[in-house]
A.B. asks: 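The structure's right below; bear with me while I get my questions together.
All chains are named by letter (A, B, ...) in the order of the sequence lines, taking the proteins before the strands, and each is independently numbered beginning at 1.
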Amino acid sequence: MVSGFYKSVYDKVKEIPFGKVATYGQIATLLGRPKSAKLVGWALSSLPFGVPWHRVVNRQGMISIENLRASKDLQAKILKSEGIKVIFKQGNYWVDLKKYLWQN
DNA sequence: CGAATGACCAAGC
DNA sequence: GGCTTGGCCATTC
């Protein structure tokens, strides 16, 4: 069910430009709920088709979990295809936030 | 309507 | 300096 806050999250995620990434906390802040990054993460757990979820990572630039729709491998794959350098470290994929963080 | 949940974050030990 | 804990709040059950 897409409603209210969720929709805002999806719209904001769609605004992330090609080749950039954003963090959960950042999106939460942009939506006016800086203390509720969790809600962003939760919203992403039930993403509608067409949202570039692969451009959203946690505060450390890490891809934390496998989604229902796609694996971390796929997410890393897509990021690479967009020109983003993905590093595999300690069993997880990471991106360089200093280089690719979305400056809005 | 009360209680649980969640792809997070920052502080504390 | 790695692991645990509490807080956050819309949505679901």
A.B. asks: With a 3.5 Å distance limit and no angle check, can you tell me whether A:R55 reaches the backbone of A:I16 through a side-chain donor-acceptor pair?
C.D. replies: yes
A.B. asks: Do any side-chain nitrogens or oxygens of A:S64 fall under 4.0 Å of OP1 or OP2 in B:dC8?
C.D. replies: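 Result: yes.
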A.B. asks: Please give, in whole Å, the distance from B:dA7 P to A:W53 CH2?
C.D. replies: 15 Å
A.B. asks: Keeping the roles fixed (side chain from A:Y6, backbone from A:V40), state whether a donor-acceptor pair exists under 3.5 Å.
C.D. replies: no
A.B. asks: Out of the candidates A:I78, A:V13, A:L47, only one should pair with A:P52 under the side chain to side chain contact (heavy atoms under 4.5 Å, CB included) rule; please name it.
C.D. replies: A:V13
A.B. asks: Between atom CG in A:L44 and atom P in B:dC8, what is the gap in whole Å?
C.D. replies: 9 Å
A.B. asks: Exactly one of A:T23, A:L30, A:V21 should register a side chain to side chain contact (heavy atoms under 4.5 Å, CB included) with A:W102. Which one does?
C.D. replies: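 Filter result, single survivor: A:L30.
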A.B. asks: Rounding to a whole Å, what distance do you find between A:N58:CG and B:dA10:P?
C.D. replies: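 Taking atom P of B:dA10 as the reference, CG of A:N58 is at 11 Å.
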A.B. asks: Roughly how many Å is it from CD in A:Q60 to P in C:dG1, rounded to a whole number?
C.D. replies: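 Result: 14 Å.
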A.B. asks: Between atom CZ in A:F5 and atom P in C:dC8, what is the gap in whole Å?
C.D. replies: 15 Å
A.B. asks: How many Å lie between CH2 on A:W42 and C1' on C:dC13, as a whole number?
C.D. replies: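 Whole-Å distance recorded here is 10 Å.
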A.B. asks: Remember a base hit wins even if backbone is also touched, and classify A:L47 as base, sugar-phosphate or nothing at under 4.0 Å, heavy atoms.
C.D. replies: base
A.B. asks: Just the rounded figure in Å: distance from C1' of B:dA7 to CD1 of A:I16.
C.D. replies: 13 Å
A.B. asks: A:K7 has an atom NZ; how far is it from atom P of C:dA10, in whole Å?
C.D. replies: 18 Å
A.B. asks: Mind checking what makes side chain to side chain donor-acceptor pair (under 3.5 Å) contact with A:Q26, not counting sequence neighbours?
C.D. replies: A:N104
A.B. asks: Could you identify which residues of residues 25-40 of chain A place a heavy atom less than 4.0 Å from some atom of DNA chain C, listed by residue number, or say none?
C.D. replies: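 Per residue number, the list reads A:R33, A:K35, A:S36, A:K38, A:L39.
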A.B. asks: Report yes or no: does A:Q75 contribute a side-chain atom to a donor-acceptor pair with the main-chain N or O of A:H54 at less than 3.5 Å?
C.D. replies: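 Checking the backbone N and O of A:H54 against the side chain of A:Q75, a donor-acceptor pair under 3.5 Å is found.
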